[in-house]
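Right, one structure below, let's go through it.
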Amino acid sequence: MGEDNIWLVGRLTETRALTKVLVALDQVSVHEDGQLRAVRGAGTADRPEPPTTPQQESTA
């Protein structure tokens, strides 16, 4: 298949774009209290609410 093949050009462009995304994700790191944690996606809170315990609910 020649380099001028439209399908091959599209696949190579897609592969390069996906590689750039993966490299960018590898470079992102979030540290919380000295621990590495997962990067949260769009639409999620950066920090989850702390879990409530039965004692906290009864005093509120």
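If you're wondering where the values come from, they're calculated on a predicted model, not measured in any experiment.
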- prompt: To which residues is V9 joined in a hydrophobic cluster, defined by side-chain heavy-atom contacts under 4.5 Å among Ile, Leu, Val, Met, Phe, Trp and Tyr, whether direct or through other members?
  reply: none

statement: Besides W7, the hydrophobic cluster formed by Ile, Leu, Val, Met, Phe, Trp and Tyr side chains linked at under 4.5 Å, directly or via other members, contains M1, L8, L12

message: Which residues pass the side chain to side chain contact (heavy atoms under 4.5 Å, CB included) test with V23, not counting sequence neighbours?
response: T19, Q27

message: Counting neighbours of CG on L22 that are heavy atoms of other residues, nucleotides or ligands and sit closer than 6.0 Å, is the number greater than 12?
response: yes

message: Suppose we screen for side-chain hydrogen bond (donor to acceptor under 3.5 Å, both in side chains). Which residues come up paired with E3, at least two apart in sequence or across chains?
response: none

- request: Kindly state each residue pair satisfying salt bridge (charged side-chain N to carboxylate O under 4.0 Å, His left out) with at least one member in residues 5-23, sequence neighbours excluded.
  value: R11-E14

